[in-house]
Amino acid sequence: MYFEPYDIIVVGAGHAGCEAAAAAANMGSKVLLVTMDLRLFASMSCNPAMGGIAKGQIVREIDAMGGYSGIVSDRTMIQFRMLNKSKGPAMWSPRCQSDKMMFSAEWRSLLEKTPNVDFWQDTVIGLIVEGDQVKGVKTLMGGEINSKAVILTNGTFLNGLIHIGEQHFPGGRMGEVASHGITEQLKEYGFEAKRLKTGTPVRVDGRTIDFNKLIEQKGDDEVVGFSYIEPFKITKQKSCWIAHTSLKVHETLRKGFKYSPMFNGRIQGVGPRYCPSIEDKIERFAGKDSHQLFVEPEGWTTEEYYLNGFSSSLPDYIQYEALRQIEGFENAKIYRPGYAIEYDYFPPEQLHHSLETRLMHGLYFAGQINGTTGYEEAACQGMMAGINAALALRDEQPLVLSRTEAYIGVLIDDLITKGVDEPYRMFTSRAEYRILLRQDNADSRLTEKSYKLGLAKEDRYQKLLQKQKRVGEIMDFLKENYVYPEQINSLLEHNESSPIDQKVRMSYLLLRPQINLSEMVAQLEPLKAYCNIEDRFEKECMEEAEILIKYDSYIQKENELAEKLNRLEYVKLPKDFDFHSLQSLSYESREKLNRYHPETLGQASRISGISPADINVLAIFLGR
């Protein structure tokens, strides 16, 4: 082969691979991105959407650190919604529908404009290994390409097997070949591999859907977007729609259960608990007469629709018959049936928190190879693997985000300290300190840290400084200025909040749950003159200032708890220590500590089955 050696080779151009290549290259590493198909960068092989509950926070964190997912999402969105807006700000989660073809094309365009990234269309079938150090990759075309590090982001392609009823055939996605060789080689080096399963629904021809029978779900009037730095304003949006199954639909689907690979044992992998197939939902919730479905457009220029909630591996004719019994789909035609796919993954307790493998230096795993599900979960792992591979080449310490700093930190810590026995999906409930990890403040939490590493660029850092300055100014204005009864009582009474009988500070009024800052700006001339609500950046600053004032006591309390947790994170455990030698520990704890080999006392405390008493034993052993 005619390749010069690379610093880092990234295998796979899904969401994890694209972010890994971008991060490593932007930090100065020479990167080769190897993919089977150069047309499918960050392919949206399942639903055409980014963000959602907790996932939206992850996309904003990626953007805050200099990743590309937020920028690509903003440039290609066809609908935007801020979910959970009726709840507290810790739960607000941005989500967008994307034009899936534009999304992939935009990713390719951004990567091609990124210095230090080269591309090669080929299939990686193995690794070049010397001792316990990875030295490059071997490809199907017979090439050997050398590198100092390799990041595997193979998605669902490792020994992928597609199931549709009684049919099954190799594939990484429909119409794409599976990847063979890597799993087998890694098992020879002592890695443990297991199987997981995921699935996708039918794709429906929108020309054959009667939308008059469906419930329209429009996008938000105010579009916030994901990226902190890119000026953005969408001028039009496409609607999503809501449909429902019925008992008749369920009865038709049940006819195919005897052919289902999920029920007759042909599928060995465990499927995602939180995104089950329609047959799984019918079986698990037998008393439910109907299930909600989301009808999602796949782009501006296509009539293809994704039927979210109707994932299935039943025979195609059963899927088709049941689909046509859903109201609004009586005359529906499909582009392709739903299917299930089984694939190999490597239990993530075999990794360090840097995402480097414990058994092989220079080898990193990111994405579904670690047992996660979802574009966002994959993308953030890819970014972190790219960062840490680049840092390792500089002989610098890895970047490990804590659970108190980012959802990304929660995700990676969960994977490595708790393991995975089903596809892992992020939720806000997984984060103990979610009031600190809001979608609005991801830049305040992460941009400076990334800037010091050389990933987040100067413009992004300067935007953060401007924002922090302006947020402080707005908070000071609200704390220093008063409002009088005649100025505000009409608004208070309209919002069913008690009127005031003397002047009070504006910040004091903002503590009331019935009152928000935008209403106060509209009501009070001094505020209206001070805050320009027509400017997007100003509105972001106003929102964060309001949250910091309104939820100040909660934020302070979580900060105190987070500080206590972080004390344990600084207590290092000895490397390769035999915990069986500590007889004061319970047998279960000794077994699990030897299996997971946590690097800190904090990580040990989060391993399932390890009690506070065992943590005390470890602390005493360490002289604490």
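Note that the numbering runs from 1 along the sequence shown for the chain. Atom set for the values below is all heavy atoms of this structure, side chains included, hydrogens, waters and symmetry mates excluded.
Screening residues 236-256 for ring-ring contact (aromatic ring centres under 6.0 Å, His included) gives Phe211-Trp241, His250-His291 as the qualifying pairs, with residues at least two apart or on separate chains.
The main-chain N or O of Asp280 is found under 3.5 Å from a side-chain atom of Ser277 such that the two form a donor-acceptor pair. A donor-acceptor contact shorter than 3.5 Å is absent between the side chain of Glu106 and the backbone of Ser104.
Here Arg536 pairs with Glu540 in a salt bridge; the nearest charged N to carboxylate O distance falls below 4.0 Å. Looking at Lys187 and Glu192, no side-chain N of the basic residue comes within less than 4.0 Å of a carboxylate O on the acidic one, giving no salt bridge. Taking a cutoff of 4.0 Å between a charged side-chain nitrogen and a carboxylate oxygen, Glu432 and Arg403 qualify as a salt bridge. A salt bridge is absent between Lys539 and Glu534: the closest approach of a Lys/Arg side-chain nitrogen to an acidic carboxylate oxygen does not fall below 4.0 angstrom. Glu349 and Lys418 are not joined by a salt bridge, as no carboxylate oxygen comes within less than 4.0 angstrom of a charged side-chain nitrogen. A salt bridge is absent between Arg254 and Glu251: the closest approach of a Lys/Arg side-chain nitrogen to an acidic carboxylate oxygen does not fall below 4.0 angstrom. Salt bridge Lys194/Asp344: absent, no basic N to carboxylate O contact under 4.0 Å. Under 4.0 Å is where a charged nitrogen must lie from a carboxylate oxygen, and between Lys213 and Glu327 no such pair does.
With rounding to the nearest 0.5 Å, the separation of CZ in Arg203 from CD in Glu304 is 6.5 Å. Here the CG-CZ distance, from Leu437 to Arg445, works out to 5.0 Å after rounding to the nearest 0.5 Å. Expressed to the nearest 0.5 Å, how far OG1 of Thr252 lies from CG of Leu247 amounts to 11.0 Å. The CZ atom of Phe346 sits 4.5 Å away from atom CG of Leu186, with the distance rounded to the nearest 0.5 Å. Ser73 OG to Met50 CE: the interatomic distance, rounded to the nearest 0.5 Å, is 4.0 Å. Rounded to the nearest 0.5 angstrom, Leu351 CG and Ile416 CD1 are separated by 5.5 Å.
In terms of heavy-atom proximity, Leu314 sits nearest to Ser312 at N-OG, 3.0 Å. The shortest non-hydrogen separation linking Ser429 to Arg434 is CA-NH1, 3.9 Å. Closest approach of Lys255 to Glu321, counting heavy atoms only: NZ-OE2, 3.0 Å. The two residues Ala332 and Arg324 come nearest to each other via the heavy atoms O-NE, 2.9 Å. Closest approach of Ala13 to Cys18, counting heavy atoms only: O-SG, 3.4 Å. The two residues Gln368 and Tyr345 come nearest to each other via the heavy atoms O-CB, 3.6 Å.
Glu166 has its side chain out of reach of Pro315: every pair of non-hydrogen atoms, C-beta onward, lies at least 4.5 Å apart. You'll find the side chain of Ile151 stays beyond 4.5 Å of the side chain of Val11, heavy atoms only. At least one side-chain heavy atom of Leu363 sits less than 4.5 Å from a side-chain heavy atom of Leu152. Contact annotation: the side chain of Thr245 approaches that of Leu293 to within less than 4.5 Å [non-hydrogen atoms, C-beta and beyond]. Taking 4.5 Å as the limit, some side-chain heavy atom of Tyr335 sits within range of a side-chain heavy atom of Glu303. Between Leu161 and Ile341, every side-chain heavy-atom pair lies at or beyond the 4.5 Å cut-off. Using a 4.5 Å cut-off on side-chain heavy atoms (C-beta onward), Tyr306 and Thr200 make contact. Looking only at side-chain heavy atoms (C-beta outward), Tyr364 and Gln381 stay at 4.5 Å or farther from each other.
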Test side-chain contact (heavy atoms from CB on, under 4.5 Å) applied to Ile125 and Ile182, step by step: CA-CA 6 Å; Ile125 58 172; Ile182 292 176; 5.9 Å; no

Worked verdict on Phe329 versus Tyr305 for ring-ring contact (aromatic ring centres under 6.0 Å, His included): CA-CA 12 Å; Phe329 291 80; Tyr305 278 78; 9.0 Å; no

Intermediate values then yes/no, side chain to side chain donor-acceptor pair (under 3.5 Å), Gln97 and Asn47: CA-CA 9 Å; Gln97 290 294 127; Asn47 64 318; 5.6 Å; no

Criterion side-chain contact (heavy atoms from CB on, under 4.5 Å) on Val410 and Tyr433, from CA distance to verdict: CA-CA 10 Å; Val410 173; Tyr433 305 101; over 6 Å; no

Stepwise side-chain contact (heavy atoms from CB on, under 4.5 Å) test for Asp118 and Val31: CA-CA 6 Å; Asp118 290 342; Val31 177; over 6 Å; no

Trace of the salt bridge (charged side-chain N to carboxylate O under 4.0 Å, His left out) decision for Lys100 with Glu298: CA-CA 6 Å; Lys100 67 184 297 182; Glu298 298 226 335; 3.1 Å; yes

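The salt bridge (charged side-chain N to carboxylate O under 4.0 Å, His left out) check on Glu184 picks up nothing, with sequence neighbours excluded.
Under the 3.5 Å distance criterion, with hydrogens and angles disregarded, a donor-acceptor pair is assigned to the side chains of Tyr424 and Asp414. Under the 3.5 Å distance criterion, with hydrogens and angles disregarded, no donor-acceptor pair is assigned to the side chains of Gln167 and Asp316. Side chains of Asp99 and Thr76: a donor-acceptor N/O pair is absent below 3.5 angstrom, by distance only. Of the N and O atoms on the side chains of Asn154 and Ser179, not one donor lies less than 3.5 Å from an acceptor on the other residue. At a cut-off of 3.5 Å, with distance as the only test, no side-chain donor of Ser239 or Gln217 sits close to an acceptor on the other residue. Between Ser311 and Tyr339, the side chains place no donor N or O within less than 3.5 Å of an acceptor N or O (distance only, hydrogens not considered). Residues Ser93 and Gln439 bring no donor and acceptor atom of their side chains to less than 3.5 Å of each other. Donor-acceptor pairing under 3.5 Å is recorded for the side chains of Glu279 and Ser313.
In this structure, Phe103 has its ring center closer than 6.0 angstrom to the ring center of His15. Aromatic pair Phe157/Tyr343: ring centres not closer than 6.0 Å.
No more than 12 heavy-atom neighbours from other residues, nucleotides or ligands sit within 6.0 angstrom of CD on Glu222. For CE of Met36, the number of neighbouring non-hydrogen atoms (other residues, nucleotides, ligands) closer than 6.0 Å is greater than 12.
Geometrically, Arg95 does not engage Phe226 in a cation-pi contact, judged by NZ or CZ lying under 6.0 Å from the ring centre and within 45° of the ring axis. For the pair Lys85 and Trp92, the cation sits on the ring face: its NZ or CZ lies under 6.0 Å from the ring centre, inside 45° of the axis.
The one candidate from Thr372, Leu411, Leu401, Val59 that meets the side-chain contact (heavy atoms from CB on, under 4.5 Å) condition with Cys380 is Leu411.
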